[in-house]
Amino acid sequence: MSTQRTPYVGGNWKMNTNAAEGRSLIDSIHSTMKAGSVDVAVFPPFPYLMGIGQKLNGPISLGAQDLWHSENGAFTGEVSTSMLKDCGVSAVLTGHSERRHVIGESDELVNAKTKRALESGLTAVLCIGEQLEERESGQTDAVNERQVRAGLDGVSEEQLARVVIAYEPVWAIGTGKTATPEDAQDAHAKIRALIASMYSDSAAQEIRIIYGGSMKPGNAAELMAMSDVDGGLIGGASLKAEDFCAIIEAAQGSLVGS
Ligand code: 13P
């Protein structure tokens, strides 16, 4: 990847851990992680945000897995950005494939959530990616383009500076199957070209586009060595401190000249 972009590595814990496991995972990450120029965030389940946030120090920031796009009010079961910020959250996932395809979130809802996150001053990690049938029928780039355009509709170039795009091919999530470095690079380069056409060349050069889908210590370095792969969004492997820290180290190693 380019020296201009600081790699971004996120640990999406999904609906895993309990309070004690989350605390011990953070302790182990703190004791294993080597300092370096990588932006690292963890995304624990809602009930543990405050507790995990209080344990985080220095380079790791706190993220949430979802938000609701209105301010506080009659939205039973939902969580607003002001609540998230109150817990110390600085980043939030939007459009994760499990929310799109299991919960049924539309492009419009993903867009509303992304805009709300950005208006609130949070970093939005906008997740996109094609399903297996879409890949097999040659629609990967069309799906990515639709999800990027819809997800960023109404987002200004200034706000885009707080967007990270996570390309997560759905067929690679939790399956042990990973996109080849060349396939990931191809998708990322097209997403970056799309950002250039929607915003500007400099916005495209600055935005981090990270890969997610069965990233692990054994494949992280080759994926992140690709010029347009700026880090990773990690599910399963983020629940093991040793694996997560090895991926962070691979991201550090991906910086040109390091
Ligand atoms: P896995 O790393 O478990 O495949 O999950 C990827 C993911 O969905 C991260 O958001």
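Order of appearance sets the numbers: ligands from 1, and atoms from 1 within every ligand. Note that these values count all heavy atoms, side chains included, but never hydrogens, waters or copies made by symmetry.
- Judged by distance alone, with hydrogens and angles left aside, the side-chain atoms of Tyr211 form a donor-acceptor pair with the main-chain N or O of Gly213 at under 3.5 Å.
- Counting atoms of ligand 1 from 1 in the listed order, those under 4.0 Å from a heavy atom of Gly213 are 4 (O), 6 (C).
- Heavy atoms of Ala237 stay at 4.0 angstrom or farther from ligand 1.
- Between the side chain of Gln65 and the backbone N or O of Lys14, at least one donor-acceptor pair lies under 3.5 Å.
- Of the protein's heavy atoms, Gly235 N, 2.9 Å lies nearest to atom 2 (O) of ligand 1.
- When atom types are taken as modelled, the side chain of Ser120 and the backbone of Leu122 share no donor-acceptor pair closer than 3.5 angstrom.
- Protein heavy atom in closest approach to atom 3 (O) of ligand 1: Gly236 N, 2.8 Å.
- Every atom of ligand 1 is numbered from 1 in the order shown, and the set under 4.0 Å from a heavy atom of Gly174 is 1 (P), 3 (O), 4 (O).
- For ligand 1, the atoms sitting less than 4.0 Å from at least one non-hydrogen atom of Ser214 are 1 (P), 2 (O), 4 (O), numbered in the order shown with element in parentheses.
- Not one N or O on the side chain of Asp228 forms a donor-acceptor pair closer than 3.5 Å with the backbone of Gln185.
- In summary, the side chains of Thr32 and Glu242 do not present any donor paired with an acceptor at a separation below 3.5 Å, with no hydrogens or angles considered.
- For Lys216, the closest heavy-atom approach to ligand 1 does not fall below 4.0 Å.
- Applying the 4.0 Å criterion to heavy atoms of Asn12 picks out, from ligand 1, the atoms 9 (C), 10 (O).
- Ile195 places a side-chain heavy atom less than 4.5 Å from the side chain of Leu152.
- Remark: ligand 1 atoms within the under-4.0 Å shell around heavy atoms of His96 are 7 (C), 8 (O), 9 (C), 10 (O).
- Remark: the backbone N or O of Thr6 is paired with a side-chain donor or acceptor of Arg208 at under 3.5 angstrom.
- Of the candidates Glu98, Gln65, Glu168, Lys14, it is Glu168 that places a heavy atom closest to atom 9 (C) of ligand 1.
- Taking the six-membered ring where the residue is Trp, Trp68 and Phe75 present tilted rings, their angle falling between 30° and 60°.
- Within the structure, the closest approach of Ser238 to ligand 1 does not fall below 4.0 Å when heavy atoms are considered.
- The atoms of ligand 1 that sit less than 4.0 Å from any heavy atom of Ala172 are 4 (O).
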